[in-house]
Amino acid sequence: MGFKSSQTTRTYNLTVNHRYKILHSTKGGPGRWNDKILVRFHDFVSGIRDGSTMQDVEYELLEYDKNGESIAIKYRGAYVIVDNGYLHWSCTVPPFKHTSWQTEIRWSKWVESMRKDVECTF
């Protein structure tokens, strides 16, 4: 039997920026809860999802117009980089799980490397 099976545990979901600052934490839940359950009780992520949190943040992303030209589009709000264990909400951005496209593989490696920065907080 593993530790979780034989002991009472709690699990937490934290939101961290890339300067290793903890922005928000859940109140915690039973150790048997996975990320898909925990994120439902994460007020910060739910606020991003429903638009009540981080709406003052503006950023630009490059997109292609109908002529194939790269243009900058402004967005408001925020998104959260997660692993593939989370719910597929518009504000949660996981790496691609199955792909053979080189651009998606490269993007997924980039996203995973940013997640590793977050793990350095602990």
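Hydrophobic cluster membership is shared by Trp107 and Ile73, with clusters built from Ile, Leu, Val, Met, Phe, Trp and Tyr side chains linked at under 4.5 angstrom. Clustering ILVMFWY residues whenever any of their side-chain heavy atoms sit less than 4.5 angstrom apart, transitively, puts Tyr20 in a cluster other than the one holding Met114.
The side-chain heavy atoms of Pro94 and Asp83, taken from C-beta on, include no pair separated by under 4.5 Å. Here the side chains of Ile105 and Phe96 are not in contact, with every heavy-atom distance at 4.5 Å or above. Leu38 places a side-chain heavy atom less than 4.5 Å from the side chain of Thr11. Ile71 is listed as a side-chain neighbour of Asp65, based on a closest heavy-atom distance under 4.5 Å. By the 4.5 Å heavy-atom criterion applied to side chains, Val82 and Asp35 are not counted as neighbours. Contact check for Leu14 versus Phe122: side-chain heavy atoms found under the 4.5 Å cut-off. Counting heavy atoms from C-beta on, the side chains of Val45 and Trp89 come closer than 4.5 Å. Thr121 is listed as a side-chain neighbour of Ile22, based on a closest heavy-atom distance under 4.5 Å.
Pairing each heavy atom of Gly85 with each of Lys36, the nearest pair is O-CG, 2.9 Å. Of all heavy-atom pairs between Ala78 and Met54, the closest is CB-CB, 3.9 Å. The two residues Thr26 and His24 come nearest to each other via the heavy atoms N-ND1, 4.2 Å.
Counting non-hydrogen atoms of neighbouring residues, nucleotides and ligands closer than 6.0 angstrom, the OH atom of Tyr64 reaches no more than 12 such neighbours.
Aromatic ring orientation, Tyr59 versus Tyr79: perpendicular (interplanar angle above 60°, classes split at 30° and 60°). Ring geometry, Trp33 versus Phe41: the interplanar angle falls under 30°, so the pair is classed parallel (tilted spans 30 to 60°).
Here Ser108 contributes atom OG and Trp101 contributes atom CH2; the two are 13.0 Å apart, rounded to the nearest 0.5 Å. Going from atom CD of Glu63 over to atom CG of Leu61 covers 6.5 Å, rounded to the nearest 0.5 Å. Atom CG of Asp43 is separated from atom CD1 of Ile48 by 11.5 Å, given to the nearest 0.5 angstrom. With rounding to the nearest 0.5 angstrom, the CD1 atom of Ile81 is 8.5 Å from the OG atom of Ser113.
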Stepwise, does the side chain to side chain contact (heavy atoms under 4.5 Å, CB included) test hold for His42 with Thr15? CA-CA 9 Å; His42 198 155; Thr15 304; 3.0 Å; yes
Before you tell me yes or no, could you show the steps for Leu87 and Arg40 under side chain to side chain contact (heavy atoms under 4.5 Å, CB included), namely the whole-Å CA-CA distance, both residues' side-chain angles and the distance that decides it to 0.1 Å? CA-CA 9 Å; Leu87 296 170; Arg40 294 173 190 263; 3.9 Å; yes
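The residues Glu119 and Arg115 are annotated as salt-bridged, a charged nitrogen and a carboxylate oxygen being separated by less than 4.0 angstrom.
Side chain of Arg10 to backbone of Pro30: no donor-acceptor contact under 3.5 angstrom is found.
When each of Asn13, Asn34, Thr92 is checked for a side chain to side chain donor-acceptor pair (under 3.5 Å) with Tyr86, only Asn13 meets the rule.
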